[in-house]
Amino acid sequence: MDRPLVTLQDVTALQGGQPALRGVTLQVARGEALRLWGPNGGGKTTLLRLLAGQVAPVGGQRTYALGGQPQRSAVSARRTLRVVGPDAEAFYLTREWVQSVQDVLLAAFEGEALNLWTPTPPARARLAQVAALTGLGPLLDRDFRTLSHGQRRRVLLAAALMPGPELLLLDEFTDGLSEGARNELGQVLTDLWRSGVAVVLATHRPEEAPPLPWRTVRVADGQVTETAPAAPTESAAPLPHLGPPPGPPTPHPLVRLTNATVYRNGHRALGPLSWTWAAGQHWLLTGENGSGKSTLTRLIAGELHPALGGQIERPFLARDRLEDRRAATGLVGAEVGIRQRQSWTGREVLGSAWSGTQGFAPDLNAAQQAEVEALAARLGAADLLARPADTLSQGQLRRLLLARAALHRPRLLLLDEGLDFLDAAARAAFLALLPELARGGTHLLVVAHRAGDALPGLTHHLHLHAGQVAFAGPLASDWAHLQALPWGP
């Protein structure tokens, strides 16, 4: 009888000095498909990191049988197992030196984070194999930092495959992926599972998991409970209708791009693009991974700038200066989350909303302090205000970032896959806030890969392809117009 790949017996583990898992008993069998679900902060990511050897138990016993040899040491696990999720991106995005996709994969073959050696023939052979499997051939020479969120997720999956692991650990894997990428990589995962690789997937969207014979467990309040073979899909409340900003639509532009092109580390990430966002419009922004969606949101927010010959204007601002842009804009996206994963408390994260700073803020007056407390309570984040951001789960951190983006009632609210990582309750609480913001004059731009994330009340649709406009116009009642888009060569 084969030994389980990993056995946890009455294990307790800490996150940020506090118990994140308590008394967990669980086995991961060879070749099985295990799905984890549960609320934000319940312990799913900590459990994945515990299985990968990145977190050590402070109580109980963890035993590995990787390679068929039972052992309690996590050394082998740390060299062959990786958690594929948003936290893994942060290491590369916060480094100041170039790490190509090829570097990331070759480092993973050696069980390292950085490529420190001349690759051996077996390493190069495995690189070619994995690149073909995951479709990364055209991106191998690209700087990891210039990739889109979805492309980075693909690279991290490939990196996890480089050592030929017996177990894949996936954390909210489908978030940030376009429908095409979800289907393509879902087939890759299915093929790997059929070859004998075990898969553990933590997700708030079980309906997007590949069709494998999942065994499902619920992770909540630091404890693991076996459930029925199919996890229930968390039911979402009906989406609220935004309603237009006050007053009739006008031709007055809020943002105007003219022949704007953005380069990132020498790579053209967007443009040339000409587009106008007028008062009274709420925009849906779509496109495949790598089409330039996140770059556009960061350009609008003033974090990126057009190259010489292009122009961005913000006529709604009396003065287009950094502090004015920050005071009038709220932005939620993957890069914002990575920058905020520091020792700053939730209260400091929210308090920086008015100044647009990160990690610090001028002293808040009594009214502002009251607003922080009230909005945190409304979004179910009151218990996060005293906690450091780097101890939070992805869903808990995203709750804070959404509150930060909305707290100062910005004129422009940019949600770049902003609802990712949220459980159903947190998602519903934030969505209920949006009509109130819209009535107060906030204009929304929502980046989405799912038709269900297109909120009622969005008025216009911008679809990007290869950094350029494929469609821009009023939003139809369905997405049928996408079938006839001018994709170009």
Side-chain angles (χ1 to χ4, degrees), residues 13-22 39-46 49 54-55 58 85-91 93-94 171-172 220-222 301 303 322-323 326-327 329-410 413-416 418-423 425-427 429-430 433:
L14 305 180
Q15 175 67 31
Q18 300 297 318
L21 296 171
R22 301 186 304 277
N40 293 141
K44 298 184 298 297
T45 298
T46 301
R49 297 181 67 208
Q54 298 172 5
V55 169
V58 297
D87 282 341
E89 299 178 27
F91 177 85
L93 294 179
T94 55
D171 191 7
E172 300 294 351
D221 297 321
E303 291 192 355
L322 179 61
E323 58 265 37
R326 287 174 169 172
T329 305
L331 171 65
V332 179
E335 286 81 2
V336 177
I338 288 169
R339 293 198 300 267
Q340 295 287 343
R341 252 208 197 285
Q342 307 289 337
S343 59
W344 308 323
T345 66
R347 194 180 308 277
E348 289 169 331
V349 170
L350 264 65
S352 67
W354 286 279
S355 59
T357 53
Q358 296 182 44
F360 68 94
D363 290 337
L364 303 182
N365 58 42
Q368 290 173 328
Q369 291 175 2
E371 288 189 62
V372 167
E373 300 283 346
L375 186 56
R378 183 170 177 181
L379 297 182
D383 60 329
L384 308 179
L385 292 180
R387 291 183 55 183
D390 56 5
T391 70
L392 303 178
S393 73
Q394 286 292 337
Q396 290 171 323
L397 179 61
R398 181 55 58 93
R399 226 179 293 176
L400 287 179
L401 296 179
L402 288 166
R404 177 181 182 265
L407 186 61
H408 57 307
R409 299 176 184 83
L413 179 55
L414 314 173
L415 301 180
D416 185 359
L419 302 182
D420 283 355
F421 313 122
L422 296 181
D423 58 31
R427 189 161 54 244
F430 180 73
L433 178 67

message: I need the minimum non-hydrogen distance between Ala377 and Ala382, along with the two atoms involved.
response: CA-CB, 4.1 Å
- request: Under the side-chain contact (heavy atoms from CB on, under 4.5 Å) rule, what do Gln18 and Arg387 come out as? Steps first, then yes or no, please.
  value: CA-CA 11 Å; Gln18 300 297 318; Arg387 291 183 55 183; over 6 Å; no
Over all atoms of both residues, closest heavy-atom pair of Leu392 and Pro388: CG-O, 3.6 Å
Asn40-Ser393 side chain donor-acceptor pair, cut-off 3.5 Å: no
query: Any sub-3.5 Å donor-acceptor pair from His408's side-chain atoms to Ser352's backbone N or O?
result: no
message: Going by side-chain hydrogen bond (donor to acceptor under 3.5 Å, both in side chains), name the residues that satisfy it together with Thr46, two or more places apart in sequence or in a different chain.
response: none
message: Using side-chain heavy atoms (C-beta onward) and a distance below 4.5 Å, is Leu400 in contact with Trp344?
response: no
- request: With the side chain counted from C-beta on, respond yes when Thr45 and Gln15 share a heavy-atom pair under 4.5 Å apart, and no when they do not.
  value: no
- prompt: Roughly how far, to the nearest 0.5 Å, is CD of Gln394 from CG of Leu422?
  reply: 10.5 Å
CG-CG distance between Leu415 and Leu401, expressed to the nearest 0.5 angstrom: 11.5 Å
- request: Scan residues 363-376 for pairs that pass salt bridge (Lys or Arg N to Asp or Glu O under 4.0 Å), counting only residues two or more places apart or in two chains.
  value: Arg347-Glu373, Glu371-Arg409
Name of the residue among Val372, Leu384, Leu379 meeting side chain to side chain contact (heavy atoms under 4.5 Å, CB included) with Leu350: Val372
message: Testing the basics here: between Arg399 and Asp423, what is the closest heavy-atom pair and its distance to 0.1 Å?
response: NH2-OD2, 4.3 Å
field: Side-chain (Glu89) to main-chain (Pro86) donor-acceptor, under 3.5 angstrom
entry: no
Beyond-backbone contact of Val55 with Leu21, side-chain heavy atoms, under 4.5 angstrom: no
message: Going by the rule salt bridge (Lys or Arg N to Asp or Glu O under 4.0 Å), which residues pair with Arg22 if we only count those two or more places apart in sequence or in a different chain?
response: none
- request: Over all heavy atoms of both residues, which pair between Gly418 and Val332 is shortest? Give the atoms and the distance, please.
  value: CA-CG1, 4.1 Å
message: Contact between Val349 and Leu397 at the side-chain level, heavy atoms closer than 4.5 Å - yes or no?
response: no
Asp221 atom CG, neighbour heavy-atom count above 12 within 6.0 Å: no
task: Any chance you could measure Phe421, atom CZ, to Leu402, atom CG, to the nearest 0.5 Å?
output: 11.5 Å
query: Hey, what do you get for CD (Glu303) to CZ (Arg326), rounding to the nearest 0.5 Å?
result: 8.0 Å
task: For residues Leu364 and Trp354, determine if any side-chain heavy atom of one lies less than 4.5 Å from a side-chain heavy atom of the other.
output: yes
